[in-house]
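The structure under discussion appears below in the form of structure tokens.
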2 protein chains.
Amino acid sequence: MPTDLRRPQRTYTIRQLCLEFKCTPRALRFYEDKGLLTPARDGMNRVYSYKDRARLKLILQGKRVGLSLAEIGEILDLYDLDDGGAAQMAKSLRKFKERIVALESQREDIDRAIQELKVGCNNLEQKLIATRPDLLPRAADYDQMLRQRLDGLEHAGAK
Amino acid sequence: MPTDLRRPQRTYTIRQLCLEFKCTPRALRFYEDKGLLTPARDGMNRVYSYKDRARLKLILQGKRVGLSLAEIGEILDLYDLDDGGAAQMAKSLRKFKERIVALESQREDIDRAIQELKVGCNNLEQKLIATRPDLLPRAADYDQMLRQRLDGLEHAGAK
DNA sequence: GCGGCATCTTACGTTAACGTCAAGATGAGC
DNA sequence: GCTCATCTTGACGTTAACGTAAGATGCCGC
């Protein structure tokens, strides 16, 4: 039967993890510098355990939701602690809720900015209609723009 | 009759503008370094005209909606140009629309992150309820938190 | 002539998360 | 023994928008 690439006793090289999670060796070493990862060594070379892989997964999840590496570190530090993860979970919960509040505030800022910009757009369009309607973007231009963006997405491959 | 502090022929010192727009001298000099402002001089000292003041106003508006100083500069450069502002308006319009698209995309990212975090919160709460309900934040804590945040807002003065 | 204040220029410091060399070690394959 | 590929450890570079001294200049009133 085929080897389960993720069974708990497996180990990983730096490159394997990078390929799996689409990051660079430099990033993993950086996380190590920051104390977020502490892989074993085989001679000079780093050897990542299944637990290291789990931690990396959490790091990347944290990054996706906008936590700083420092905050992620605080959470991870509790993983190796006392009551089987309860303290860690409680801390994560707090951090998560804080982040939700911060994100919602950010979204409000963004909504305000969008409103302000839309007002600005309307003003500009009115003035341009009155003075230089030839400078207004036309439907054809918009169409072109859309096609360019779709092109970009294709060339970038699967996102 | 009282002097109109904003009549077109007025001039301003760096400090006056800073007070009016709540920014620092360092910021104005920085904008000048970047070519966004070019105040006249009286000996060594900067003398800002009414037009300079208008440009500063635009700079700060641009910043509020998240345009970089470089982008703001592109727009401002067209102010001193050809067709009485039409080109500038057209460019502003493009930039504004680009920014709206970018902001809407950013908002989607934020919404995704919030969703992910809420899922995480639910998971954590379920697990904590099952294992260590004593570690769950209680209504009293939440109340306290709210009061602290209100305090913070008050001490910070008018936003 | 002097304290005090506003202004000036110059230039390094800050923050986050890595990117980008550089230079050397190691093992595999031929 | 040679080359290749991969790994290692430094250590400086990047980006944005200023902050923060440090030290000079200049005007005012007294």
Side-chain angles (χ1 to χ4, degrees), chain A residues 11-49 52 55-76 95 98-99 102-103 106 109 113, chain B residues 11-49 52-53 55-76 95 99 102-103 106 109 113:
Chain A
T11 62
Y12 308 81
T13 72
I14 195 169
R15 190 148 302 270
Q16 286 171 334
L17 283 187
C18 286
L19 284 175
E20 180 173 359
F21 293 109
K22 295 182 187 304
C23 49
T24 68
R26 179 71 181 88
L28 295 201
R29 296 191 189 110
F30 183 72
Y31 299 151
E32 188 174 343
D33 261 19
K34 295 283 163 179
L36 305 188
L37 289 174
T38 47
R41 297 296 179 119
D42 171 19
M44 301 190 86
N45 296 355
R46 291 169 174 78
V47 178
Y48 295 88
S49 69
D52 291 324
R55 286 174 73 97
L56 176 55
K57 215 169 180 175
L58 285 178
I59 292 170
L60 298 177
Q61 273 181 29
K63 286 200 52 179
R64 272 203 303 281
V65 299
L67 292 174
S68 71
L69 293 184
E71 289 175 306
I72 294 169
E74 287 181 52
I75 293 177
L76 286 175
K95 284 280 171 195
E98 281 175 26
R99 195 84 248 287
L103 284 174
Q106 251 192 65
D109 291 346
Chain B
T11 63
Y12 308 81
T13 72
I14 194 169
R15 190 147 302 271
Q16 286 171 335
L17 284 187
C18 287
L19 285 174
E20 181 174 359
F21 294 109
K22 295 182 187 305
C23 49
T24 68
R26 180 69 181 91
L28 296 200
R29 296 189 191 111
F30 183 73
Y31 300 152
E32 187 174 342
D33 260 21
K34 295 285 162 178
L36 305 188
L37 289 175
T38 46
R41 296 295 180 120
D42 171 19
M44 301 190 86
N45 296 356
R46 290 167 175 76
V47 178
Y48 294 88
S49 69
D52 291 324
R53 178 175 170 279
R55 286 175 73 96
L56 176 56
K57 215 169 181 175
L58 286 177
I59 292 170
L60 299 176
Q61 275 181 28
K63 286 201 52 178
R64 272 204 303 280
V65 299
L67 292 174
S68 71
L69 293 185
E71 290 175 306
I72 295 170
E74 287 180 52
I75 294 177
L76 285 175
K95 283 279 171 196
R99 195 84 249 285
L103 283 174
Q106 228 184 319
D109 290 347

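In what follows, every heavy atom counts, from backbone to side chain, and hydrogens, waters and symmetry copies are set aside. Letters A, B, ... mirror the listed sequences (proteins, then strands); counts begin at 1.
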query: For A/E71 and C/dT15, what is the distance between atoms CD and P respectively, to the nearest whole Å?
result: 16 Å
field: Side-chain N,O (A/K63) to OP1/OP2 (C/dA16) below 4.0 Å
entry: no
message: Quick one: does any side-chain atom of B/D109 pair with a main-chain N or O of B/Q106 as donor and acceptor, under 3.5 Å?
response: no
Between D/dA5 (P) and A/N45 (CG): distance, integer Å: 17 Å
- prompt: Rounded to the nearest 0.5 Å, how far apart are CZ of A/R46 and OG1 of A/T11?
  reply: 15.0 Å
task: Using heavy atoms to find the nearest nucleotide of DNA chain C for B/R26 and B/I14 separately, return the residue whose nucleotide is more 5′.
output: B/I14
task: Check every atom of D/dC7, C/dT9, C/dA17 against the side chain of A/S68 and return the nucleotide holding the closest atom.
output: C/dA17
message: Measuring to OP1 and OP2 of C/dC18, would you say a side-chain N or O of A/Y31 lies under 4.0 angstrom away?
response: yes
- line: Here the distance between atom C1' of C/dC18 and atom CG of A/L37, to the nearest Å, is 14 Å
5' priority, DNA chain C, between A/M44 and A/L28 [closest heavy atom]: A/L28
query: Hey, does the side chain of B/R46 come within less than 4.0 Å of C/dT7's phosphate (OP1/OP2), counting only N and O?
result: no
- prompt: The side chain of B/R41 lies closest to which of these nucleotides: D/dC7, C/dT9, C/dC18?
  reply: C/dT9
- prompt: In whole Å, what is the span from the CG atom of B/D42 to the P atom of C/dA6?
  reply: 17 Å
query: Can you check whether A/Y48 reaches A/L56 side chain to side chain, under 4.5 Å on heavy atoms?
result: no
message: I need the NZ-C1' distance between B/K34 and D/dT15, as an integer number of Å.
response: 10 Å
field: Along DNA chain D (nearest heavy atom to each residue), the more 5'-positioned of A/V47 and B/L67
entry: A/V47
query: Between C/dC12 atom P and B/F30 atom CZ, what is the distance in whole Å?
result: 16 Å
- prompt: Which whole-number value in Å describes the distance from B/E32 CD to D/dA17 P?
  reply: 17 Å
task: Give B/R29 one of three labels, base, sugar-phosphate or nothing, depending on what nucleic acid heavy atoms sit under 4.0 Å from its own.
output: base
message: Looking at D/dG19, I'd like to know if its phosphate oxygens (OP1 or OP2) sit under 4.0 Å from a side-chain N or O belonging to B/T24.
response: yes
query: Are any of the side-chain heavy atoms of B/L36 and B/L69 separated by less than 4.5 Å?
result: yes
- prompt: Nearest-Å distance, OH (A/Y48) to P (D/dC7)?
  reply: 10 Å
Pair B/E20 + B/R53, salt bridge at N-O below 4.0 Å: yes
